[in-house]
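Some notes on the structure that comes next.
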Amino acid sequence: MRPVDTNADQTPLVVELSATEFRDRLHEALSIYVAAMGYPHGTEYHRAPMWNEHLQRSGWRGVGALVPAGDGSTDNAARLVAVAYGYRGAPEQWWHQQVRSGLRHTGWTRDQIDVILGNYFELTELHVHPDAQGHRLGETLLLRLLERRPERGVLLSTPEVADEDNRAWRLYRRLGFRDVLRHFRFAGDNRPFAVLGRGLPL
Ligand SMILES: CC(C)(COP(=O)(O)OP(=O)(O)OC[C@H]1O[C@@H](n2cnc3c(N)ncnc32)[C@H](O)[C@@H]1OP(=O)(O)O)[C@@H](O)C(=O)NCCC(=O)NCCS
């Protein structure tokens, strides 16, 4: 684990997590996801195989925020309070295919779609435990995750909310993410999503 922020008090340390470290903390990471998104208990069990499979994808990178145990013990005793990961987008991925079809139906030309989907990092998950939200941890994780990425751009999807009035939307807009698709419905999910993107480096 490679710390990127020093910590004087109990402020979380933002660290890059290897795939192995992430797998070891998978249950903890999924608990943060469920708490942050307000999903019903049990959702984590459905998600675990998918997050596990994502770990194998080309260009995968994960980051986390750890609160040290306070007794000088090892990294393993620290509590994970925020997590983010993503990987390089590719045509065989379900998300990529869904977005391609959404763009086609919205009237984008094949050439434009190839530019958007030709070389991007998919920001797949970004979650801060509710107890730790509001302190720019989300922003710190996002910046760390996108640091020195080789891709031309970054894409993500987030649920639509009225007036873009939640922390996720404010964060993405603040960092310059623009609309790629709005009110888009992924197959098998009735909720409308936005797909947002921007060029890299940030
Ligand atoms: C979205 C989420 C990751 C953001 O993380 P966070 O640490 O809570 O929030 P931020 O890093 O944006 O920073 C929080 C606050 O710091 C302050 N802040 C951040 N950047 C700032 C800046 N450049 N200047 C001044 N203040 C700033 C703001 O007050 C901000 O709160 P606001 O967005 O209500 O205005 C987190 O709230 C979360 O997990 N939400 C639930 C799950 C979710 O929606 N995930 C994304 C799904 S796509």
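Counting starts at 1 for both ligands and their atoms, following the listed order.
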Original post:
Listed by chain and number, what are the side chain to side chain donor-acceptor pair (under 3.5 Å) partners of Y33, not counting sequence neighbours?
Top reply: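 With neighbours one apart ignored, the set is R47.
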Original post:
Linking I/L/V/M/F/W/Y whenever any side-chain heavy atoms sit under 4.5 Å apart, do V154 and L156 land together?
Top reply: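 Same cluster: V154 reaches L156 through Ile, Leu, Val, Met, Phe, Trp or Tyr contacts under 4.5 Å.
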**OP:** Quick one: do Y87 and F121 satisfy ring pair (Phe, Tyr, Trp, His ring centres under 6.0 Å)? Show the steps, please.
**Re:** CA-CA 6 Å; Y87 41 77; F121 179 77; 7.4 Å; no
Original post:
Can you list every pair that meets salt bridge (charged side-chain N to carboxylate O under 4.0 Å, His left out) and has a residue in residues 189-202, with sequence neighbours left out?
Top reply: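 Every pair satisfying salt bridge (charged side-chain N to carboxylate O under 4.0 Å, His left out) with a residue in residues 189-202: D189-R191.
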**OP:** Tell me the residues surrounding ligand 1, counting only those with a heavy atom closer than 4.0 angstrom, sorted by chain and number.
**Re:**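 Only A36, M37, L126, H127, V128, Q133, G134, H135, R136, L137, G138, E139, S157, T158, R167, A168, R170, L171, Y172, R174 have heavy atoms that fall under 4.0 Å of ligand 1, ordered by chain and number.
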**OP:** For R182, check salt bridge (charged side-chain N to carboxylate O under 4.0 Å, His left out) against everything at least two apart and list the hits.
**Re:**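 Listed in chain order: E160, E164, D179.
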Original post:
Does Q112 reach the main-chain N or O of R110 with its side chain, forming a donor-acceptor pair under 3.5 Å?
Top reply: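 Pair absent, no side-chain N/O of Q112 close to backbone of R110.
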